[in-house]
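The block underneath contains the structure these notes are about, expressed in structure tokens.
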Amino acid sequence: AAASQLEAAPGDLLKGIEKAFPGAAALPALATSFVACGAGLAQSRRHTEVAQELVVAARARIAAVREVAAARDAAWGRKLEGDRNAEVLSKRFATEMSLQEKRSRLQAKHK
């Protein structure tokens with residue numbers, strides 16, 4: 001709404017200047033400047049719309065990344081808990097064997 005008012009303003013302003021200063025020599029140059037400003041405003045509006053679309057897309061990607069990170073963190077917590085449980089079980093039921101004992105058992109298995 002504000003941009004539309006700004007785009008319409010030069011025409012109204014030029015009409016008012018022409019009434020106040022009939023035959024002003026600088027009026028065509030001023031009109032050209034206003035047209036250039038209007039074109040710049042329209043281009044800026046297009047750039048702003050593209051930037052807004054990029055922001056919306058980036059926010060969607062950020063939300064997806066946050067979901068994936070939360071799932072990873074939840075899985076990592078379960079993994080660490082499983083590692084701790086496995087360590088407790090291996091300490092509880094493992095028998096300490098020397099390398100020589102392990103070698104002997106493996107050789108006996110493969111005979």
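Linking Ile, Leu, Val, Met, Phe, Trp and Tyr residues whenever their side-chain heavy atoms come within less than 4.5 Å leaves V35 and L30 in two separate clusters.
Separation of atoms CG (L27) and CZ (F34) is listed at 9.0 Å; rounding is to 0.5 Å. Atom-to-atom distance recorded for D83:CG and E81:CD is 10.0 Å, nearest 0.5 angstrom. Distance check, rounded to the nearest 0.5 Å: NZ of K19 to NZ of K15 gives 8.5 Å. Atoms CD1 and CD, on I62 and E67 in that order, are 12.5 Å from each other to the nearest 0.5 Å.
The other residues sharing a hydrophobic cluster with W76 are L80, where clustering joins ILVMFWY side chains under 4.5 Å apart.
A heavy-atom distance below 4.5 Å is not found between the side chains of R46 and V50.
The local environment of CD in E101 is crowded, with over 12 non-hydrogen atoms from other residues, nucleotides or ligands closer than 6.0 Å. Other residues, nucleotides and ligands contribute only 12 or fewer heavy atoms inside 6.0 Å of the CG atom of L99.
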